[in-house]
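Order of the sequence lines sets the chain letters (A, B, ...), proteins ahead of strands, with each chain counted from 1. Values reported hereafter were calculated over all heavy atoms of this structure, with side chains retained and with hydrogens, waters and symmetry mates removed.
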There are 2 protein chains.
Amino acid sequence: MASFSQDSYSQHDKMYVATDCIIFGFDEGRIKLLLFKRRVAPFEGDWSLIGSIVKLEEDVEVSAKRVLEEITGLQNVFMEQLKAYGAANRDPGYRCVSIGQYALIRINDYDRKLVEKHGAHWHDIEEVPDLVLDHNQMVKDAQERLKRKARYQPLGFELLPEKFTIPQLQQLYEAIYQKELDARNFRKKVLSHNVLIKLEEKDKTSSRRGAFLYKFDHKTYKKLMKSGYNFEIS
Amino acid sequence: MASFSQDSYSQHDKMYVATDCIIFGFDEGRIKLLLFKRRVAPFEGDWSLIGSIVKLEEDVEVSAKRVLEEITGLQNVFMEQLKAYGAANRDPGYRCVSIGQYALIRINDYDRKLVEKHGAHWHDIEEVPDLVLDHNQMVKDAQERLKRKARYQPLGFELLPEKFTIPQLQQLYEAIYQKELDARNFRKKVLSHNVLIKLEEKDKTSSRRGAFLYKFDHKTYKKLMKSGYNFEIS
DNA sequence: ACAAAAGTGTTTGCGTTACACCCATGG
DNA sequence: CCATGGGTGTAACGCAAACACTTTTGT
């Protein structure tokens, strides 16, 4: 019954509801996390996730997307709710429930000036500093979610540029799973899904020979999804 | 940064935070859901999940467990957060974010009088009536979560009495997956995990011959978990 | 010519699936 | 004695894992 208890509303407590964004990127073969250095008290100088307090008339999801856009300049980003963090004492200041949301962004798309202006920096996911409040827990939970969900949903493509090579895609999945993969089996597996479109161009930034670029075929993927298809990359 | 925006707290909005419990049981070979018939306006006579508004000094998880205990008399129940529901207009009365939590209970353990007193009834999961607000969505999400999670975590045992037979366990998994399973393969699979203890007794309620009772071996399971074990029942 | 990454097939083994008959018991 | 659900083993198949060499090209 939630909000419609038999008691009247007025007897109940109100509190702040916040969102915190766990923003993942992928660069130089590593998963990155966008963190924010606080410039004011409390916790001045400490690292934290980027978040905000939800407004009365604002959907929680909208609130998170608003912050993400303010910081990165990006719209239409993949974002999904992780869970709510609701310990009574999680914030020593005021009672505040925070809803963690993780986002996957293409690391070359974001607006560098905006990010800098907000005091945000990319950190390697393997070297996350101590964060304020329960933010380290949020990061850990988000990383596990990504790891699990990437197995059966093509999340990876959200982190790569539109055009990418198979070796790049493999690097990404190796970073997500924290595990090395066999190049031949990997290529076989991803191509078997028939959701990659091979382009004529090659990317020569990482080898003399160059590797063919591919695009993710969103249309075909959506069709497959509807017919009960199961994407999987081990 | 969540609660520590650069603005002061006082500029921000407060709202109600509720919990709603999706309470699953298992009886007569079917998954059941505990619903609550509202006895007061608004929505008098409508079905809804059981929930409450989180108190200022109360953890969200504690709030949900409190309600669950008030209604069923049960403690130490398996309960896990599903997600937060935060649409601005989800509740036409007041702004209220609700955190859905699903619980698995042994259907013979609960306190029938308490449940009755609160106007709660068990419904077959396949015949859930229209519920207030976004509660049908919560149920749907919880059912999907159960379906997915039961594949790699031994959730099923939370829904069965301490002693159960293999055919009972199979019935349960068939109900969760909404799919028939092969009895021989099922037995082979669950026994292969070595987390079931065969008892001397038989249950004769469902056949003349009777079926051996088993217990779930929590200790062994925990040990296995620590060594990176993966429980799976297809 | 050589270094460095891209690309390509086949074999092996394990786990999942499919499948049919005897057993035990109460009525 | 028969009806009902409980309990058992094996064969076929498919998918995942392991594995080595050739190609390309810039320096």
Side-chain angles (χ1 to χ4, degrees), chain A residues 28-30 148 150-152 160-161 163-215 224 228-234, chain B residues 27-30 150-152 160-161 163-215 224 228-234:
Chain A
E28 299 167 338
R30 322 265 304 180
R148 179 169 290 283
R151 291 200 176 273
Y152 59 91
L160 288 174
K163 299 173 183 182
F164 52 85
T165 68
I166 306 276
Q168 271 167 27
L169 186 64
Q170 182 178 343
Q171 269 200 319
L172 169 58
Y173 274 93
E174 288 179 336
I176 293 174
Y177 300 153
Q178 298 168 295
K179 185 185 162 191
E180 295 198 348
L181 301 172
D182 179 274
R184 278 169 295 191
N185 293 335
F186 181 82
R187 180 181 294 267
K188 212 185 306 168
K189 190 79 166 269
V190 295
L191 291 177
S192 74
H193 291 298
N194 294 326
V195 289
L196 296 192
I197 299 167
K198 187 174 183 174
L199 306 175
E200 293 306 310
E201 317 159 60
K202 280 191 168 186
D203 173 297
K204 298 215 170 188
T205 56
S206 69
S207 78
R208 310 195 195 288
R209 180 181 176 179
F212 278 105
L213 287 163
Y214 289 78
K215 276 199 306 188
L224 287 170
Y229 167 73
N230 199 18
F231 181 89
E232 233 175 271
I233 295 183
S234 61
Chain B
D27 199 21
E28 300 168 336
R30 322 265 306 180
R151 291 199 176 275
Y152 58 91
L160 288 174
K163 300 173 182 181
F164 52 85
T165 67
I166 306 275
Q168 271 167 28
L169 186 65
Q170 182 178 341
Q171 269 200 320
L172 170 59
Y173 275 92
E174 288 179 334
I176 293 173
Y177 299 154
Q178 298 168 297
K179 185 185 162 189
E180 294 197 351
L181 301 172
D182 179 276
R184 277 168 297 190
N185 294 336
F186 182 81
R187 181 180 293 269
K188 211 187 306 169
K189 190 79 165 274
V190 295
L191 291 176
S192 74
H193 290 300
N194 294 326
V195 290
L196 295 191
I197 299 169
K198 186 174 184 174
L199 306 175
E200 294 304 312
E201 317 160 60
K202 280 190 167 187
D203 172 296
K204 298 214 171 189
T205 55
S206 68
S207 78
R208 310 195 195 290
R209 181 181 176 180
F212 279 105
L213 287 162
Y214 288 79
K215 277 200 307 188
L224 286 171
Y229 166 74
N230 198 18
F231 180 89
E232 233 175 271
I233 295 183
S234 63

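- Following rounding to the nearest Å, B:Glu232 (CD) and C:dG15 (C1') show an atom-to-atom distance of 11 Å.
- Distance, A:Asp203 CG to C:dA6 C1': 12 Å, rounded to whole Å.
- A:Tyr214 meets the ring pair (Phe, Tyr, Trp, His ring centres under 6.0 Å) test with no other residue; sequence neighbours excluded.
- Not a single ring pair (Phe, Tyr, Trp, His ring centres under 6.0 Å) links B:Tyr152 to another residue, sequence neighbours left out.
- The nearest whole Å value for the distance from the CZ atom in A:Phe164 to the P atom in C:dA6 is 15 Å.
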> Which parts of nucleotides 1-6 of chain D does protein reach within less than 4.0 Å, heavy atoms only, written one letter per nucleotide 5' to 3' as B for base, S for sugar-phosphate only and - for none?
Replying inline: --B-BB

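- With a 6.0 Å radius and a threshold of 12 heavy atoms from other residues, nucleotides or ligands, B:Lys189 has its NZ atom above the threshold.
- One interatomic measurement links the two molecules: NZ of A:Lys204 to P of C:dG7, which rounds to 11 Å at whole-angstrom precision.
- The CZ-P distance, from B:Phe186 to D:dG7, rounds to 12 Å in whole Å.
- The interatomic distance linking A:Leu181 (CG) with D:dA18 (P) rounds to 11 Å, in whole Å.
- Cation-pi geometry between B:Arg151 and B:Tyr173 is not met at under 6.0 angstrom from the ring centre and within 45 degrees of the axis.
- The distance from atom OH of B:Tyr177 to atom C1' of C:dT16 is 14 Å, rounded to the nearest whole Å.
- A search for side chain to side chain contact (heavy atoms under 4.5 Å, CB included) contacts involving B:Leu224 returns B:Val195, B:Thr220, B:Tyr229, not counting sequence neighbours.
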Hey, what are the protein-to-nucleotides 9-15 of chain D N/O distances that come in under 3.5 Å?
unit_1	atom_1	unit_2	atom_2	d
D:dT10	O4	B:Lys188	NZ	3.0

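- B:Leu181 approaches B:Glu174 most closely through the heavy-atom pair N-OE2, 2.8 Å.
- In this structure A:Asp182 satisfies the side chain to side chain contact (heavy atoms under 4.5 Å, CB included) test together with A:Arg184, A:Asn185, sequence neighbours excluded.
- Note that the CD atom of B:Glu232 and the NE2 atom of B:His193 stand 7.5 Å from one another [nearest 0.5 Å].
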